[in-house]
Number of protein chains: 2
Amino acid sequence: MATPTAVRQINEARALARLANQGPMSRADLARDLGLTRSTASSIVASLLEAGSVLETNEPDPDRANKTGRPAIFLRLNPDHAVFLGAELGARCVRLCALDFRGEMRELRERHVEISSPEPTVMVQMLAEMVDDFVASLTDRSVVRGMNVSVPGVVNLAGEVLRAPPLGWKHVPLKDMLSDRLAPLPVMTLMNDADAFAAAALEIHGGRSLRDAVLMLMEDGVGGCILSDGQILKGSQGFAGEIGHMPIGGTGFCNITGIDGAFENYTARRAILARFREQGGEADRLGDFLTRLQNGDTVALAVVQEWAAYLGKGMALLTTLLNPTSIILGGRVSLLFPYGQSECLASLQRRLLPETTLPSIELSKIGPEGTAIGAALMLHNETFALP
Amino acid sequence: MATPTAVRQINEARALARLANQGPMSRADLARDLGLTRSTASSIVASLLEAGSVLETNEPDPDRANKTGRPAIFLRLNPDHAVFLGAELGARCVRLCALDFRGEMRELRERHVEISSPEPTVMVQMLAEMVDDFVASLTDRSVVRGMNVSVPGVVNLAGEVLRAPPLGWKHVPLKDMLSDRLAPLPVMTLMNDADAFAAAALEIHGGRSLRDAVLMLMEDGVGGCILSDGQILKGSQGFAGEIGHMPIGGTGFCNITGIDGAFENYTARRAILARFREQGGEADRLGDFLTRLQNGDTVALAVVQEWAAYLGKGMALLTTLLNPTSIILGGRVSLLFPYGQSECLASLQRRLLPETTLPSIELSKIGPEGTAIGAALMLHNETFALP
DNA sequence: ATATGTTTGTTTGGCAACCAAACAAACTAT
DNA sequence: ATAGTTTGTTTGGTTGCCAAACAAACATAT
């Protein structure tokens, strides 16, 4: 609602956000940054100190050369004030990540999945045991704020996995299953793995200043996440951003999802390998293909050129519709990009109006653990957003 | 900032928005709706009455059957408190629309453009004269809040027309030109015609409850507007939503923008007519083509089927990326839709995952004047949005 | 006709949050 | 030592909201 106490809530949130983004600072700094008086800032800081979310430091001002006046008392976030969990349920392994109140990683655990197409109940049990173990290691388990969970597939807003081909799942009410098993620990959001990965990648590639971007997570399939004005595009049911399923014409090099000519049927791992074999090449895994590339295999190079051309076509579609500042490539298949960069850019550019400035195309600097980290980061970022 | 007076600002805005959306109501109604006490509501209403944005009505409660208690004093927006202008600069005519404070249309004026590829200065002068005329007819010209202007082309966030093929314009600093000529009347936003049309169409097709939708404005080219979570997608430079320029493969039936296989090269007016002539048909204008269709011309029917298939392909792309609840078709070419509906839906559906629920496809109920109305509506809606 | 009940709108007193200004504290520079 | 500067606190005043009491304007029952 709109009440005087709401003003205080907002100002406390703004103060916390400043401390999170800009590191330790004094009450007077906060007052200047937030446009409040020092007295008000003091009052707000008093509340935060009492709540335990902020601490006074004894460390002296690092650059207090030529500074007159009374020295400031620096304030910083209390790292132990909260823990945010993020998890990834993948076909090969289950990962659990824990961030502290500052967003620093505290823990990253991983368990391999032995069977293919594991039952949902088995995966829930695996993750739940990892969570139980971690929580048991905490001195105060009440600081755990909750957990976000990602799966490689299509998830609706109600927390149901509609389809997750790598896991062989269809119509699994995963959020409810996890909530029941892990109660009272709240399972906050069930999300697509690409969205989670994007949260981690974006944190590195510009953070909050990056407001319009597209991320592609290229593995067995191609996942996507569209960032528009700083927000992840969800769509009416939560299915937006399924870049891999875009129909871009033709029939594709393989058929992953059942949609003829879907983007991922040209650009995902299986598509590359299928095309390479079709041309007489031999490679069972992406690593094999990469080795051939590095050795200058002409067939492999030709296949990469094709791959890059289709990648550029998809990028042209995204650029036309969304006008992003950057397109960020993640996942193992993105390692092919340096070999096809010029072809990709040419393919992209000839499909755009000359007036359009090209988006910058960047390779994500984060590895496979990014998905679990991103899931946790989204929880962290939410608590520092304005109410 | 976040100050106690900000609370009052927000609550006044909320009260105005309620009165705008739900019509006349009492102070007590407002208090209940906004979650405030009657005393606070009274205080807010007193401010609004003094500002002149709200009036007390003498009209009795329309359905005061079986109602006990003291009768309410109904409040309503003062229609004369403000005027919002919207303009359309088109290749065939210039339109000016004026809305009152309630959003009701007060005036819609139109002047034909005789020359093709008119100079920007000529168009600015035409519009400025129309605005001057209208403002002169007002008893109090200080109520004019400003004007939004739309052009058929690509506009950046700084208010420059980068290209407007129907007008033959490139790199015109139109917003500054208009601001200079019309000062002190503020020219607020320069926008794409599809965005303006979308504002008017959305008002009819669900209003604020429609939060994820795509609008196609199909005329000589195909313009687009993407609504995501209630907001128009702008992109980093304001170029997002250029649906007509999406490269969907192939070479197209004609080449409007210079992009091979762009969506509008299959689906815009010129594409339809070019394809029809290529197949031996004769039609110079869309009206001719429609007549043939109504008479059961088999060539025309076949061409519409092709058109519909490509339309469906574009819709599949949009649905995959954006997951909208509706796709709204506007512009004269959308009149073809009934003849190709089943083909379009089939083309759409076979390119989507079976889990996806199809967006509802609707024909816009608004005519060519929608663009000017929408431009004004966007100004109106902004003033009723929360600060 | 009178009394009772209900709903509206206003008034009064109190609380929370902010600001402005004065003040005390803790330092640097001369 | 003294003056100057910056920090953090205290005090008094304003604004906006709420809770509760009250007055006004009706309908209905007796």
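Each chain gets a letter, A, B and so on, in the order the sequences are listed, and its residues count up from 1.
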ask   = What nucleotide, of C:dG9, D:dC17, C:dA17, holds the atom closest to the side chain of A:R8?
value = C:dA17

query = Rounded to whole angstroms, how far apart are CG on B:L36 and P on D:dT15?
reply = 19 Å

Separation of C:dC18 C1' from A:Q9 CD (nearest whole Å) = 16 Å

message = Looking only at the side chain of B:R32 (C-beta and beyond, no hydrogens), which of the listed nucleotides C:dT8, C:dT28, D:dG8 gets closest?
response = C:dT8

key: Check against side chain to side chain donor-acceptor pair (under 3.5 Å), B:T325 and B:R211   = CA-CA 8 Å; B:T325 46; B:R211 307 202 52 86; over 6 Å; no

query = If you check every side-chain atom of A:P71, which of C:dA17, D:dG8, C:dC27 has the closest atom?
reply = C:dC27

task = Grab the CZ-C1' distance between B:F74 and C:dT7 for me, whole Å please.
result = 12 Å

query = How close or far is atom P of C:dC19 from atom CG of A:L30, stated in whole angstroms?
reply = 13 Å

remark   = Rounded to whole Å, the CG-C1' distance (B:L34 to D:dG16) equals 15 Å

Please list, for nucleotides 20-24 of chain C, all pairs of protein and nucleotide N/O atoms separated by less than 3.5 Å.
| residue | atom | partner | partner atom | Å |
| --- | --- | --- | --- | --- |
| C:dA20 | N6 | A:S39 | OG | 3.4 |

request  = Round to the nearest Å and state the distance from A:R27 atom CZ to C:dA26 atom C1'.
outcome  = 15 Å

ask   = So which nucleotide from C:dA16, D:dT7, C:dT8 ends up closest to the side chain of A:A72?
value = D:dT7

ask   = Can you say whether the rings of B:F101 and B:F384 are parallel (under 30°), tilted (30 to 60°) or perpendicular (over 60°)?
value = tilted

ask   = What does B:S43 touch in the nucleic acid at a heavy-atom separation under 4.0 angstrom: a base, only the sugar-phosphate, or nothing?
value = nothing

request  = Answer yes or no: is there an ion pair linking A:R145 with A:E382, defined by an N-O contact shorter than 4.0 Å?
outcome  = no

ask   = Under a 4.0 Å N-O cut-off, is there an ion pair linking B:R106 with B:D80?
value = yes

ask   = Out of D:dG16, C:dC18, D:dG8, which has the shortest distance to the side chain of A:S26?
value = D:dG8

inquiry  = Using whole Å, what does the distance between atom P of nucleotide D:dG16 and atom CD1 of B:I44 come to?
reply    = 10 Å

request  = Can you tell me the distance, in whole Å, between the CD1 atom of B:I73 and the C1' atom of C:dT8?
outcome  = 8 Å

